[in-house]
Amino acid sequence: MHKKWLYRLILSYLPILFAVVFCLIILFFLTLNETIEKQTAQANEVYAENVMQIVDTTLRNIETPMIKSLLLNDKVERYFSSPGGHDPYGDYGVTEVLLDFMSPLPMIDSVYLYREADGKVLMQHFSSSLPVFGDKAFIEASMPGTAPYAWSGLRGLHLFAGEEQPKSVISLVKLVPYFSGEQGLIVVNVRKESLQGLIQDMNQANTEVCLKDAEGRSFGGSEACADPEGPAPGAVSLTSAYTGWTVQVGMARQGMFSLLSSFSNLWALLGFVAIIGGIAAMTYISHRHYRPLGEVMSRIHTFGEKNSPAWLPQAKDGDEFSFIGHALENLIEQTNSYEKQQEEGMLYLRSHFFKQLLESSEDISTEQWTREAQRMGLSGEFEQAVAGVVEIDFYESFTTEYSPRDQSLFKFTLRSVMEEIADREGESLWTEWVGPSRLGLLYRSAGEYTGPAVPGKVLAMAESARVWVKDHVKFTVTFGFGGQVSGLRGLSGSYRQALESLDRKITDGPNRVYVPAAEDAVRPPAEGMDVLVQAIRDGAQLYRLGNADWEPMMERMFALMASGSYSKEDIVRLLQLLESQLAKEMQELPQPLREVWDSGGLRGIPRSAEAFEWIEELRAPLLDSLREMEERVRELRMNREHYNLANRVREFVAEHYANPDFSLTHVSETFAMNTKTLSRIFKEELGENFVDYLARLRMEEAKRLLRETDEPVQSVAEKVGYLYPMSFIRVFKRLENMTPGEYRKERDG
């Protein structure tokens with residue numbers, strides 16, 4: 001069906017959608033940018049305060065030692081108080097003081113003392129007089145002591161009059177004495193590079209920091225200090241009350257995003273215009289595309305006024321699509337109803353003839369097959385055929401999980417997949433549902449008959465369908481095939497083989513493709529039902545006794561069921577027998593232990609053949625529930641003193657049962673207990689009389705000897721604790737319903 005009108009409608013709205021969305025995105029980012037700028041300004045203010053505090057603290061850490069080490073030093077004080085004299089030792093002592101002061105402060109470039117009385121300048125390495133000293137101008141400007149700050153701005157330092165390259169420093173000046181300055185000055189010069197390094201260490205990513213003195217000269221920092229455009233948007237400036245210097249902190253300029261921010265009002269206007277334009281364009285396009293719908297409505301109304309058919313619905317105001325939809329649905333429904341009436345009879349005939357063909361092809365003649373095939377539109381000629389069955393796995397869960405409508409849809413999908421794969425491979429396939437969960441398959445070919453094996457091409461198609469169903473729908477399927485047959489007559493046999501192949505799902509599992517077993521294939525002989533029943537009884541007894549061998553016995557029981565040709569109904573009956581046998585055995589235990597069993601409940605016991613697909617579904621839940629209850633029973637038993645005693649008695653019996661003189665009296669003497677008391681405790685805790693337990697233990701060993709050895713019955717009786725063969729034979733027949741000789745003959749046979 002062409003969708004040109006739908007595509008044109010979609011493409012008409014897409015440019016409008018893109019334009020409006022683009023403008024809204026721009027507005028969003030502009031709003032986000034404005035919010036970020038506000039938050040950045042607050043962060044910059046805190047950051048600027050931290051930078052200024054660090055700079056001030058660094059300079060104070062120079063000023064404070066200067067006052068302590070120089071201004072208040074005795075040697076320095078004597079230097080200023082004794083002008084005119086020439087005392088080289090005194091000057092040497094002062095230079096040592098200067099060097100000691102500078103050594104822990106690497107930021108200091110130089111320190112000198114100026115004495116007003118004789119104009120002498122003393123530095124850490126030399127002395128000079130004011131007229132020839134390179135920093136004369138700074139000393140003369142600082143003498144009055146009228147500067148508002150202790151630290152100077154950025155200046156050039158000349159130590160010698162003829163020096164060409166001055167150093168960039170800042171200077172700390174202190175008057176001597178402290179308040180009057182009549183004796184001279186102490187000047188400490190700090191390198192500009194030291195402050196530059198401090199600022200660089202404090203720089204952060206995407207942040208501009210600029211430090212300037214009171215005259216506006218830059219100490220260094222980011223490139224923003226020399227930016228002719230001025231500080232970046234959101235920049236913060238702070239002036240230090242200590243030095244008079246200014247710190248500027250701002251975000252680094254972001255190029256295009258800053259350009260967008262500068263046109264924020266223009267973008268807002270553009271977004272508004274885009275939204276209004278989008279509404280106008282959608283209105284125009286909607287009116288234009290409504291014309292075909294209006295014409296359809298007009299024609300339906302015109303037809304209704306002339307003919308007034310019963311299927312024409314009444315239109316509701318403003319609901320044109322509903323009106324058109326109802327009209328088309330009613331028209332299609334009436335058309336389909338006529339076609340369905342003709343097809344239903346043919347569909348029933350096809351399904352009925354398909355089942356008849358697979359179940360009793362021997363009763364159908366070649367003429368009848370040709371006539372029915374032509375009637376149903378099938379190709380009637382074929383030389384070879386293969387029958388198969390597809391079964392939906394876990395069908396009970398399938399019907400519970402999905403509604404009848406969904407089940408029909410999934411079944412239709414499965415059938416369509418099978419037919420499509422066969423059509424793609426050029427094979428003729430006829431499919432019909434032969435049961436609620438089973439789809440019958442009939443592959444027909446005009447090729448020459450090549451033998452009873454299933455053709456590899458058929459198996460490949462089945463495997464392809466199985467994988468497709470597993471990957472694309474929420475259930476799995478299992479295939480069973482019969483052998484290839486020649487002509488029409490052998491179809492029933494192939495179909496029976498397919499059902500037998502499908503039954504292997506019980507033991508080998510679902511979601512597989514099964515073919516008939518080869519005639520010469522060696523399959524382990526199936527044990528009889530009586531062996532399974534005996535295994536169930538033995539396992540239940542071992543479980544009641546708390547013997548760890550119960551689990552291997554249960555595993556053997558499942559292995560026997562898997563190795564034999566047992567139907568689902570047989571497995572249900574066997575597991576229900578196990579449940580009743582366990583319940584019977586556990587009723588022999590003391591009341592507290594019986595309550596544990598009664599309150600537990602077994603899992604993995606099916607109530608019908610439809611409740612499971614294969615044996616492995618049942619084994620794990622059943623064994624897990626038995627282990628859980630065993631653990632609870634064991635905990636109770638370990639807290640019972642009598643159980644420990646009974647368990648030790650059982651172990652003692654297992655070691656000495658072959659002794660002909662072994663008896664309950666012998667055991668009671670060994671454990672220093674009364675015979676009746678010991679017998680009662682053994683019965684209560686283990687659920688079995690002492691005599692019965694001893695006899696059963698001896699008979700189990702006797703059966704093993706009869707199966708595995710050729711020793712005479714008398715020798716076997718002696719080895720299990722019977723002096724007289726007749727007594728042994730009598731007990732054996734009472735417990736096994738046959739004599740030892742009959743037992744050996746049956747096992748050997």
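- In this structure, the side chain of Asn511 does not engage the main chain of Thr476 through any donor-acceptor pair within 3.5 Å.
- Phe612 and Val572 get closest at one heavy-atom pair: CE2-CG2, 3.7 Å.
- Checked for salt-bridge contact, Glu742 and Lys745 miss the test: no charged N lies under 4.0 Å from a carboxylate O.
- Between Trp614 and Asp508, the closest heavy-atom pair is CE3-C, 3.8 Å.
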Inset, instruction - Carefully, step by step, assess Glu391 and Ser437 under the rule side-chain contact (heavy atoms from CB on, under 4.5 Å). - result: CA-CA 6 Å; Glu391 184 173 63; Ser437 62; 3.9 Å; yes

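- By the 6.0 Å and 45° rule, Lys505 does not stack over the aromatic ring of Tyr514.
- Using a distance-only test at 3.5 Å, with no hydrogens or angles considered, a donor-acceptor pair links the side chain of Tyr395 to the main chain of Pro436.
- In this structure, Pro516 and Ser501 approach most closely via the heavy-atom pair N-OG, 3.3 Å.
- The heavy-atom pair separating Leu532 from Met557 by the smallest distance is CD2-O, 3.5 Å.
- Aromatic ring centres of Tyr402 and Phe410 lie closer together than 6.0 Å.
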Legend entry - Pair Leu459-Val513, side-chain contact (heavy atoms from CB on, under 4.5 Å): steps then yes or no: CA-CA 8 Å; Leu459 296 180; Val513 178; 4.1 Å; yes

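- Taking the six-membered ring for Trp and thresholds of 30 and 60 degrees, Tyr443 and Phe481 have ring planes inclined between 30 and 60 degrees apart.
- Comment: Glu401 does not engage Lys474 in a salt bridge, judged by the lack of any side-chain N to carboxylate O separation of less than 4.0 angstrom.
- The pair Lys457-Glu427 meets the salt-bridge criterion, since a charged nitrogen lies less than 4.0 angstrom from a carboxylate oxygen.
- Scanning both residues, Val389 and Tyr495, for their nearest heavy atoms gives CG2-CE1, 3.7 Å.
- A distance-only check finds a donor-acceptor pair linking the side chain of Gln497 to the backbone of Gly483 [under 3.5 Å].
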Inset, instruction - Evaluate the side-chain contact (heavy atoms from CB on, under 4.5 Å) criterion for residues Arg512 and Arg504: first the C-alpha distance (whole Å), next the side-chain angles of each, then the deciding distance (0.1 Å), finally the verdict. - result: CA-CA 10 Å; Arg512 296 179 64 177; Arg504 287 165 53 196; 5.9 Å; no

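- One finds no salt bridge joining Glu359 and Lys355 here, because no Lys/Arg side-chain nitrogen approaches an Asp/Glu carboxylate oxygen to under 4.0 Å.
- Using a distance-only test at 3.5 Å, with no hydrogens or angles considered, a donor-acceptor pair links the side chain of Glu613 to the main chain of Phe394.
- No donor-acceptor pair closer than 3.5 Å links the side chain of Glu736 to the backbone N or O of Met699.
- Looking at every heavy atom in both residues, Val454 comes nearest to Val386 through CG1-CG1, 4.4 Å.
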Inset, instruction - Apply side-chain contact (heavy atoms from CB on, under 4.5 Å) to the pair Trp430 and Phe354, showing each step before the final yes or no. - result: CA-CA 9 Å; Trp430 184 7; Phe354 183 84; 3.6 Å; yes

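- Salt bridge absent: Arg607 and Glu396 never bring a charged side-chain N and a carboxylate O closer than 4.0 Å.
- Taking the charged nitrogens against the carboxylate oxygens, Glu628 and Arg603 do have a contact shorter than 4.0 Å, which makes a salt bridge.
- In Gln576, the CD atom is crowded: over 12 heavy atoms of neighbouring residues, nucleotides or ligands sit closer than 6.0 Å.
- Checking Thr431 against Glu419 by side-chain atom types alone, a donor-acceptor pair falls below 3.5 Å.
- Between Leu622 atom CG and Arg627 atom CZ the span is 9.5 Å, to the nearest 0.5 Å.
- Rounded to the nearest 0.5 Å, atoms CG (Leu618) and CD1 (Ile571) are 7.5 Å apart.
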